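Side-chain atoms are counted along with the backbone in the values below, which use heavy atoms only and exclude waters and symmetry mates. Only a predicted model underlies this, so the values are computations on that prediction, with no experimental measurement involved.
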Amino acid sequence: MATAHEILTGLHRADPRLLLSERDVHRLTPGTVRWLERGAPPEAISLALSTGLPPDLRHPPSVIAHRLRELLPPQARPRPDLRGRGPRPDPFQDCDGCGRVFRSPTPGRCGDCRRADGRAAGGTRSGCGVRAEGAA
């Protein structure tokens, strides 16, 4: 990530009139750091400081100081912590009996196949009646 110093010393690439002295860079660095702290990308800062300048630009450091102060973006809101949203749903599993997809923490048979297994006489595993793809 570009530092505030790098952003300021690179402004002359966008407009040769923005070649700043070391003293000016030192004075403007805290304002640029505030932009970075608020989440502004370095490219956006460079654009905000170097575009739309008046044709008769007399004192570039003053214009840049004004823009850093007046165009300061709002404080970025923190992103919500998605980890605190509760448990994740169980992953998808393929039923061993019929091939249907269902949610379960472990592989096995879907609810219909398990119920059909409970009704089957003599312990045969009849499944839920839905054939898996490719089953004959």
message: I'd like to check the salt bridge (charged side-chain N to carboxylate O under 4.0 Å, His left out) partners of D94; sequence neighbours left out, ordered by chain and number.
response: none
Considering non-hydrogen atoms only, spot the tightest contact between [X] and [Y] and give its length.
{"X": "P61", "Y": "L28", "result": "O-CD2, 3.9 Å"}
{"X": "C110", "Y": "C98", "result": "SG-SG, 3.8 Å"}
{"X": "A40", "Y": "P73", "result": "CB-CG, 4.3 Å"}
{"X": "A48", "Y": "W35", "result": "CB-CH2, 3.8 Å"}

field: Within 6.0 Å of CZ in R23, more than 12 heavy atoms from elsewhere
entry: no
query: So does D117 pair up with R114, basic N to acidic O under 4.0 Å?
result: no
query: So do the side chains of R100 and R109 get within less than 4.5 Å of each other, counting heavy atoms only?
result: no
task: Decide yes or no for V25 and H5: does some side-chain heavy atom of the first lie under 4.5 Å from some side-chain heavy atom of the second?
output: yes
task: Please assess L18 against L57 for the test side-chain contact (heavy atoms from CB on, under 4.5 Å), listing each intermediate value before the final yes or no.
output: CA-CA 9 Å; L18 298 179; L57 184 62; 4.1 Å; yes
query: Between CD1 of I45 and CD1 of I7, what distance do you get to the nearest 0.5 Å?
result: 4.0 Å
- prompt: About how many Å separate CG of D24 and CG of L8, when rounded to the nearest 0.5 Å?
  reply: 9.5 Å
message: Test: side chain to side chain donor-acceptor pair (under 3.5 Å). Region: residues 25-34. Which pairs qualify, not counting sequence neighbours?
response: none
- request: Only pairs at least two apart or in different chains count here, so list each side chain to side chain donor-acceptor pair (under 3.5 Å) that has a residue in residues 39-61.
  value: H59-S62
task: Without swapping roles, check the side chain of R17 against the backbone of P55 for a donor-acceptor pair under 3.5 Å.
output: yes
